Amino acid sequence: MLLTHKENIVKFSWFLPSFLSLLLFGSPVKATMIANWHFDSNRNHLDFTTDENIQPKVQLLTNPTRLVIDLPGVTLGYPQTSQRVGLVIQNIRIEQFNAETTRMVVTLAPGYTFDLAQVKLQEESPNHWSVQLPKPLPLTATQPKYLEITPSISPTVSDNSTLFAGVVPMHSPMKALEPQIKALMSRYSFLKTGMFFLDLDTGDYLDIGGDRVFPAASTIKLPILIAFFQDLDAGKVTLQEILTMRRDLVTNGSGIMQYERVGKKYTALETITKMITISDNTATNMIIDRLGGAAKLNQRFRSWGLKDTVIRHLLADLRGTNTTSSQDMARVLALVVNNKLVSLQSREQALDILRHTTIHTLLPAGLGKGAVIANKTGDIGFLIGDAGFITMPNGKRYLAAIFVTRPYKDTRGRDFIRQVSRLVYDYLNQPNPVATLESPNSTTRY
């Protein structure tokens, strides 16, 4: 469960009170703005991200007992946000402490302490930090009054890392499946593809050109949706706030809002829903604008570790200048389903919207009966793509992302993605997976 602006989902039984003073120091600071923050009560873990490199400074103060996290050089950019939590953790707030410092404050009930040696300031990246807090202990008079802790530096996730997106342990390539996929690729040699599939339960993966950069088309709406829910958790936006459809945001391509009168008003919830379920390009432009523009979103994407996902133009980007990769799309989904980017409630709401997309011709077409997918497709004629989080009837969960460039609107590109999806699904649906490739004359089950 994640701490958010939604009071009804925040329930904690204990946290970090003490009469001690704790200072934690990080890396050099640059003036910037805070992008997002959340607290995961299941792991007693506080996580925050800014637009640039920062140097967090954490103190535990008394009367009342409170954990203070100062971010020198960081501008909050919105009014103080406070969240009532419970009896032991009384509240958490974020505020502009002075002109040069944003402060995060956790106010605690008295009577508890913790093992200072177990408090860990973790540098996930130069602009992404976390504080791991141990289980509180009864306060005693023998606790040390001061401790300086050197922050731990997370290894950069690379192709040789054992963790995908820093959260999913990677086990082994799907070696029995890969030859079958490559045989299928040889039959569709006129297509250029990149794909990445990851079994969230075993860590087995299929990576064929997963880092290859493609036009994002409408799959770019997936990380935009998650960025919106991050801002919702941070109190920067609300679901019921009113957005006005300005003339400069209206565009052609997919969606129906382009046919409405300029100046029509929609709630933010209506807008993000149309952005995803019917892939409305005008709705997407309205959300990009509301979140501060493409440059701000690109900074956010980089803070998540996305290497290839860039918004260069508003929608409809029919020339394909906005880019991403299969690994980047899978990374977003991995971070979301592992509660790294948004709160539990926001995660479920975002996934529910993604489960109600109306285009089912790509990855969903290859799934077995009873499977559930939360996905977003993209299609700009010469390119199609799809990225999703799949739950199989047997409870197995996996991530899927695939892009294909093709002759303009050639339906064989769609058929290729369907068959890849089916091969992966059938492979993962077997106790001891052995993939088989259908013959050209076989009956295809979609």
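Note: hydrogens, waters and symmetry copies are ignored here, and every other heavy atom, side chains too, is used. Small disclaimer: the values here were computed from a predicted structure and weren't measured.
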query: Got a donor-acceptor contact below 3.5 angstrom from the Glu241 side chain to the Thr238 backbone?
result: yes
- request: Look up atom CG in Leu341 and atom CZ in Arg347, then write down how far apart they are to the nearest 0.5 Å.
  value: 11.5 Å
query: What heavy-atom pair brings Gly194 and Ser326 nearest, and what distance separates the two atoms?
result: O-OG, 2.9 Å
- prompt: Do you see a donor-acceptor pair shorter than 3.5 Å between the side chains of His356 and Thr277?
  reply: no
From CG (Asn281) to CG (Leu315), nearest 0.5 Å: 4.5 Å
message: For the CG atom of Asp410 and the CZ atom of Phe416, what is their distance to the nearest 0.5 Å?
response: 13.0 Å
message: Does Arg290 form a side chain to side chain contact (heavy atoms under 4.5 Å, CB included) with Met286? I'd like the steps, not just the answer.
response: CA-CA 6 Å; Arg290 179 62 184 87; Met286 291 169 65; over 6 Å; no
message: Could you check whether any side-chain N or O of Asp70 sits under 3.5 Å from a backbone N or O of Arg103, counting only pairs where one atom can act as donor and the other as acceptor?
response: no
message: Testing the 3.5 Å rule here: is there a donor-acceptor pair between the side chains of Tyr188 and Gln419?
response: yes
Verdict with reasoning, Arg187 to Asp415, per salt bridge (charged side-chain N to carboxylate O under 4.0 Å, His left out): CA-CA 12 Å; Arg187 282 170 39 191; Asp415 296 338; over 6 Å; no
- line: For Asn285 and Leu249 the tightest heavy-atom approach is ND2-O, 3.2 Å
message: Out of the candidates Tyr398, Phe196, Phe197, Tyr205, only one should pair with Phe164 under the ring pair (Phe, Tyr, Trp, His ring centres under 6.0 Å) rule; please name it.
response: Phe196
- line: Rounding to 0.5 Å, atoms OG (Ser254) and CE (Met275) come to a distance of 11.5 Å
message: Please check this pair: side chain of Asp317 against backbone of Thr321, looking for a donor-acceptor N/O pair closer than 3.5 Å.
response: yes
- prompt: So do Asn298 and Arg312 actually touch side chain to side chain, heavy atoms under 4.5 Å?
  reply: no
- prompt: Shortest non-hydrogen contact from Lys221 to Ile276?
  reply: O-CD1, 3.6 Å
query: Has the side chain of Asp308 got a donor or acceptor atom that lies under 3.5 Å from a matching backbone atom of Ser325?
result: no
task: Please test Asp328 against Lys307 for salt bridge (charged side-chain N to carboxylate O under 4.0 Å, His left out), starting from the C-alpha separation and ending with a verdict.
output: CA-CA 7 Å; Asp328 269 12; Lys307 299 177 181 178; over 6 Å; no
- prompt: Is Thr309 reaching over with its side chain to a backbone N or O of Leu306, donor-acceptor style, under 3.5 angstrom?
  reply: no
query: When you check the side-chain N and O atoms of Ser218 and Asp379, is any donor under 3.5 Å from an acceptor?
result: no
- prompt: Any chance the rings of Tyr408 and Phe382 have centres within less than 6.0 Å?
  reply: no
- prompt: Hey, what do you get for CG (Asn394) to CD (Gln430), rounding to the nearest 0.5 Å?
  reply: 10.0 Å
query: Parallel, tilted or perpendicular: which fits the ring planes of Phe403 and Phe214, with parallel below 30° and perpendicular above 60°?
result: parallel
- prompt: Between Thr102 (side chain) and Val74 (backbone), is there a donor-acceptor pair under 3.5 Å?
  reply: yes
